[in-house]
Amino acid sequence: MSKDVQILIVEDSDYDVRLTVLALRRGGFNPSYQCVQDAVSLRRALGASHWDAVLADFKIGRAHV
């Protein structure tokens with residue numbers, strides 16, 4: 001049985017988001033997720049919901065978060 005998790009993904013690549021979600025599913029998780037690409041969106045998302053985990057790209061292409 002899959003474990004439901006709420007994931008916030010900080011990533012500027014749709015491809016990498018899909019890979020991350022696929023890896024979570026293969027690992028036995030059922031992720032509900034939101035993807036953000038900048039600091040403003042990240043702050044909003046952190047304040048708007050409860051997250052089980054935040055997965056962040058080390059370096060966003062146009063700006064650091």
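Just so it is clear, the values below take in all heavy atoms, side chains as well, and ignore hydrogens, waters and symmetry mates.
Just one of Val21, Leu22, Asp16, Asp14 meets the side chain to side chain contact (heavy atoms under 4.5 Å, CB included) condition when paired with Arg18; it is Asp14.
One distance of note links OH of Tyr33 with CD1 of Ile7; it measures 11.5 Å at 0.5 Å rounding. Separation of atoms SG (Cys35) and CD (Glu11) is listed at 6.5 Å; rounding is to 0.5 Å.
Proximity of Ile9 to Thr20: side-chain heavy atoms (C-beta onward) are separated by under 4.5 Å at one or more points. Between Leu8 and Asp52 the shortest side-chain heavy-atom distance does not fall below 4.5 Å. Using a 4.5 Å heavy-atom threshold, the side chains of Gln34 and Trp51 count as touching. In this structure, Ser2 and Arg25 have side chains that are not in contact, with every pair of non-hydrogen atoms separated by 4.5 Å or more. Using a 4.5 Å heavy-atom threshold, the side chains of Val5 and Asn30 count as separate. Val54 is listed as a side-chain neighbour of Leu46, based on a closest heavy-atom distance under 4.5 Å.
The minimum heavy-atom distance linking Gln6 with His50 is given by the pair CB-O, 3.7 Å.
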